[in-house]
Structure formats: structure tokens, C-alpha cells
Amino acid sequence: LPNSLTYLNCQYNSITSLPTLPTLLDTLICSSSYYLPSLPALPNSLIYLDCNNSSLNNLPSLPNSLTYLNCSFTSLNNLPALPNSLIYLNCSADYSLHILPALPNSLQLLYCRDGNFTSGLPPLPNSLQTLVCYHSQLTALPSIPNSLIYLDCNTNYLTSLPSLGSSLQTLICSSNSITTLPALPNSVTFFDCSSNSLISLPLLGSSLQTFACSSNSLTTLPALPNSVTYLDCSSNSLTSLPTLPNSLIRLYCSSNSLTSLPNLPDSLSCLNCGNNSLTSLPFLPNSLHELYCQNNYISCFPTFPSSIQP
């Protein structure tokens, strides 16, 4: 390879080895190289390394200049020390990788989904903004930094969550065994805690837009902020719903023990209230396009809006 080369993309080939890499190389993309078991020494100039979906079982020392590393879907059983320059790390679906090295203070995005981290994750740096660690055999999470904006830890073995940072906007913790949740910061706009063992919920922040809490053991819901547009509280033990916000567009409350519904907002487009104990429905707004009310005790329907064809 010429010494002047700064960019090399050799993905989707049948190479079994790479030659000595030029000293000026800043980008190496060798993903989907199924016959490539190892890489040569990496030059000190390298900034971007994508070796995902390959047969690599080890990585050489990482240069101090590296900011991006995607080594997902490989056969790696360990990672070398991570440089203090690293911003992005994706080691998802590396099933032989059980422990991560210390995470540098520069790291902003960490993807380690579909892993086997039974011993847990290392401490999270104060710079981290995104953590995606779903389906990774986790039983606990480390402390959450205030910088974190996006957290997806669904489908693990978590029974609780640590305190949540003040910047969090998206929280997905569904399909765990969580029995109680910490306070939610007002910044959260998307919250999914479905399929857990919750019997109560914390207060909901004023920025919340999407809220899913289906398949728990809830008997009541907290007050819903006016910002909520999507609510799925199906498959719980609810006997009533709180006042519905005027912004609500979709409401899924099937498979509960509801005997009545509150007034429906004029914004509502979809209502699924099947499999309850309803004997009647409230006034149906003209905005409604979908109505599912099967398996109830309704004897008389209200006037259907023109958008609904019974």
C-alpha cells in the first residue's frame, strides 16, 4: 500500500490478511471480511476503525488518535486498552466478550447490546450520552452520569435502576424484572417500562410524549402530563384511568379491569379498550379513526364519528 494512503475501504472481500498499513492512514473499513482473523499494527494516525461482522478474535493496540471503533459481530474475547480520544464504541453481539476495559472519559456513545456481560459494565464516564445495552445478561447497571440522554437496557435481568441523570430523554427498560423505579427527570420524552413487575410508577415529567407501561401489575397510573401523545397501559390491573391529556393521539388500555373511561380528548385517533368490564363508552371525538372495544359488556354505543364505520 502506498505511504500516501489515508483512506482504505476493503469491506465485503475474501481477504485473509492485510499488509502493513501506511503511516498516514486515518480511516480503515474492513467490515464483513469473514476470512480476516487479525489486523496488522495500526498506525498512530488512525481515527476511524470499522471491523464489524468479521472473524477477528483479537485487536492490536489502539492508537491514541482513534475516535471511532465498531467491532460488533466479531469473535473477540477481549478488547485492548481504549484510548482517551475514543468517542464511539460498538461491541454489540461479541458473544465471547464478557468484560469491557475501562471506558475513557471522552466516550459519548456505547453500544454493547446482545452481549454476555454477566459480571456487569465498567463505570460509565461523565461524557456518555448514549448507552444501548439491551439483551446483554445484565443484572445491574452502574451509576448513570448526568450527561446520559439515551438509555436502552431492555431484555436483561434487572430488578432496579440506579438514579437517573438530569439530561435523560429516552428510557427503555422493558422486559426486565424491575419492581420499583427511581424518580424520572423532567427531561424524559420517551419512557417504556413494559413487561416488568411494577406495582406503582413514579411521577411523570412534564416533557413526556410517549409512555408505555403494559404488562405489569399496576392498579393505578400517575397523573399524565399534557405533553403525552401515546399511552399504552394494556395488560395491567387498572380499574380506572386518570384524566387524559388534550394532546393524546393513541390510547391502548386493553386487558385491564376498567368499568368506565374518562372523557376522550379531541385529538384522539386510536382507542383500544378491549377485554375490560366496560358497560358504555364516552363521547367519541371526530378525530377518532380506530376503535377496538371487543370483549366488554357494552349494551349501547354512542354516536360514531364520521371517521368510524361500525
Side-chain angles (χ1 to χ4, degrees), residues 120 131 133-144 148 150-166 168-245 248 250-264 271-279 292-293 295-297:
L131 173 58
C133 57
Y134 63 80
H135 198 247
S136 289
Q137 315 299 314
L138 294 168
T139 57
L141 292 179
S143 296
I144 302 297
L148 201 69
Y150 187 102
L151 172 58
D152 185 352
C153 57
N154 83 79
T155 319
N156 280 291
Y157 298 103
L158 304 174
T159 57
S160 64
L161 295 180
S163 296
L164 302 171
S166 57
L168 196 66
Q169 296 178 12
T170 297
L171 173 58
I172 305 171
C173 57
S174 53
S175 300
N176 279 285
S177 299
I178 298 172
T179 57
T180 184
L181 289 168
L184 296 177
N186 282 330
S187 53
V188 171
T189 62
F190 187 106
F191 176 34
D192 183 356
C193 59
S194 303
S195 301
N196 276 289
S197 301
L198 295 165
I199 58 173
S200 64
L201 293 171
L203 295 177
L204 303 176
S206 57
S207 301
L208 190 64
Q209 297 175 13
T210 299
F211 176 34
C213 59
S214 62
S215 300
N216 279 286
S217 299
L218 300 170
T219 56
T220 60
L221 293 181
L224 300 172
N226 287 330
S227 53
V228 172
T229 61
Y230 177 103
L231 171 60
D232 183 357
C233 56
S234 55
S235 300
N236 277 288
S237 300
L238 300 172
T239 56
S240 64
L241 295 179
T243 301
L244 300 177
L248 194 65
R250 306 187 75 84
L251 171 59
Y252 301 90
C253 56
S254 62
S255 301
N256 278 287
S257 300
L258 299 171
T259 57
S260 64
L261 293 177
N263 292 334
L264 302 178
L271 170 61
N272 187 338
C273 57
N275 301 305
N276 277 289
S277 299
L278 301 172
T279 56
Y292 307 89
C293 56
N295 294 328
N296 277 287
Y297 301 100

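Computation of the quantities below employed the complete heavy-atom set of this structure, encompassing side-chain atoms and omitting hydrogens, waters and symmetry-equivalent molecules.
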(message) With side-chain contact (heavy atoms from CB on, under 4.5 Å) as the criterion, how do Asp152 and Thr170 come out once you've worked through the C-alpha distance, each side chain's angles and the decisive distance to 0.1 Å?
(response) CA-CA 8 Å; Asp152 185 352; Thr170 297; over 6 Å; no
Min side-chain heavy-atom separation [X]-[Y] under 4.5 Å:
X	Y	value
Leu138	Leu141	yes
Ile144	Ser163	no
Cys273	Leu278	yes
Asp192	Thr210	no
Cys233	Leu238	yes
Ile172	Leu151	no

(request) For the pair Leu164 and Leu171, evaluate side-chain contact (heavy atoms from CB on, under 4.5 Å) and give the outcome as yes or no after the intermediate values. (result) CA-CA 9 Å; Leu164 302 171; Leu171 173 58; 3.8 Å; yes
[X]: which residues meet the ring pair (Phe, Tyr, Trp, His ring centres under 6.0 Å) condition with it, sequence neighbours left out?
X	result
Tyr150	none
Tyr230	Tyr252
Phe191	Phe211

Kindly say whether [Y] contributes a backbone atom to a donor-acceptor pair with the side chain of [X] at under 3.5 angstrom?
X	Y	value
Asp232	Arg250	no
Ser207	Asn186	yes
Asn236	Asn216	yes
Ser237	Thr219	no
Thr229	Leu248	no

Under 3.5 Å, which donor-acceptor pairs do the side chains of residues 196-205 form with other protein atoms, sequence neighbours left out?
| from | atom 1 | to | atom 2 | distance (Å) |
| --- | --- | --- | --- | --- |
| Asn196 | OD1 | Asn176 | N | 3.2 |
| Asn196 | OD1 | Ser177 | N | 3.4 |
| Asn196 | OD1 | Ile178 | N | 3.0 |
| Asn196 | ND2 | Cys173 | O | 3.0 |
| Asn196 | ND2 | Cys193 | O | 3.0 |
| Asn196 | ND2 | Ser194 | O | 3.3 |

Approximate separation, where rounding is to 0.5 Å, of [X] [atom1] and [Y] [atom2]:
X	Y	atom1	atom2	answer
Cys253	Leu271	SG	CG	5.5 Å
Asn276	Tyr297	CG	OH	10.0 Å
Ser255	Asn295	OG	CG	8.5 Å

(message) Test of understanding: with side-chain hydrogen bond (donor to acceptor under 3.5 Å, both in side chains), list the residues that count as partners of Ser195, not counting sequence neighbours.
(response)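 Residues passing side-chain hydrogen bond (donor to acceptor under 3.5 Å, both in side chains) with Ser195: none at all.
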(request) With sequence neighbours left out, write down each residue that passes side chain to side chain contact (heavy atoms under 4.5 Å, CB included) with Tyr157, or none if nothing qualifies. (result)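 Testing Tyr157 for side chain to side chain contact (heavy atoms under 4.5 Å, CB included), a comparison that skips the adjacent residues, returns Gln137, Thr139.
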(message) If we count only N and O atoms by modelled type, under 3.5 Å, do the side chains of Asn154 and Asn156 hold a donor and an acceptor together?
(response)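 Looking only at side-chain atoms, Asn156 and Asn154 do not form any donor-acceptor pair under 3.5 Å.
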(message) For a side-chain contact (heavy atoms from CB on, under 4.5 Å) check, start with the C-alpha distance between Leu218 and Cys213, then their side-chain angles and the critical distance, and finish with the verdict.
(response) CA-CA 9 Å; Leu218 300 170; Cys213 59; 3.8 Å; yes
